[in-house]
Amino acid sequence: MMTIEKAYEKFYKLLEQIDNSDIPSSEQYELYQNMESEIEQKKQQAYANMNEY
């Protein structure tokens, strides 16, 4: 089962892996922009689901 603590742990581990990767900075920037967009969509979806109840 996923807990908030485990979710944060996995999230920060992913960020660390990206930072330590061979991905060029310009591509990292693009990746982070795409991730930000995906997170915003998930936030809106969670907000909509929250207000359904």
Could you check Tyr32 against Glu36 for side chain to side chain donor-acceptor pair (under 3.5 Å), going step by step and ending with a plain yes or no? CA-CA 6 Å; Tyr32 288 134; Glu36 183 179 28; over 6 Å; no
Spatial distance of atom [atom1] ([X]) from atom [atom2] ([Y]) [nearest 0.5 Å]:
X	Y	atom1	atom2	result
Ile18	Leu31	CD1	CG	4.5 Å
Lys10	Glu5	NZ	CD	13.5 Å
Glu27	Asn34	CD	CG	11.5 Å

For Ser21 and Gln28, which heavy atoms make the closest approach, and how far apart are they?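 In terms of heavy atoms, the two residues are closest at OG-NE2, 3.9 Å.
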Examine Leu14 and Tyr8 and state if one hydrophobic cluster contains both, with Ile, Leu, Val, Met, Phe, Trp and Tyr joined whenever side-chain heavy atoms are less than 4.5 Å apart.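 Shared cluster, yes.
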Look at the side-chain heavy atoms of Ile, Leu, Val, Met, Phe, Trp and Tyr, link any pair under 4.5 Å apart, and say whether Ile4 and Ile39 land in one connected group. yes
Testing the 3.5 Å rule here: is there a donor-acceptor pair between the side chains of Tyr12 and Glu16?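 Judged by distance alone, the side chains do not pair up.
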N-O pairing of Lys6 and Glu9 below 4.0 Å: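 Result for this pair is no, no salt bridge flagged.
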Is the number of heavy atoms from other residues, nucleotides or ligands within 6.0 Å of CD (Glu30) greater than 12?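 No, not enclosed.
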Using side chain to side chain contact (heavy atoms under 4.5 Å, CB included), reason through Met35 and Glu38 one step at a time and then give a plain yes or no. CA-CA 5 Å; Met35 291 170 71; Glu38 292 286 336; 5.6 Å; no
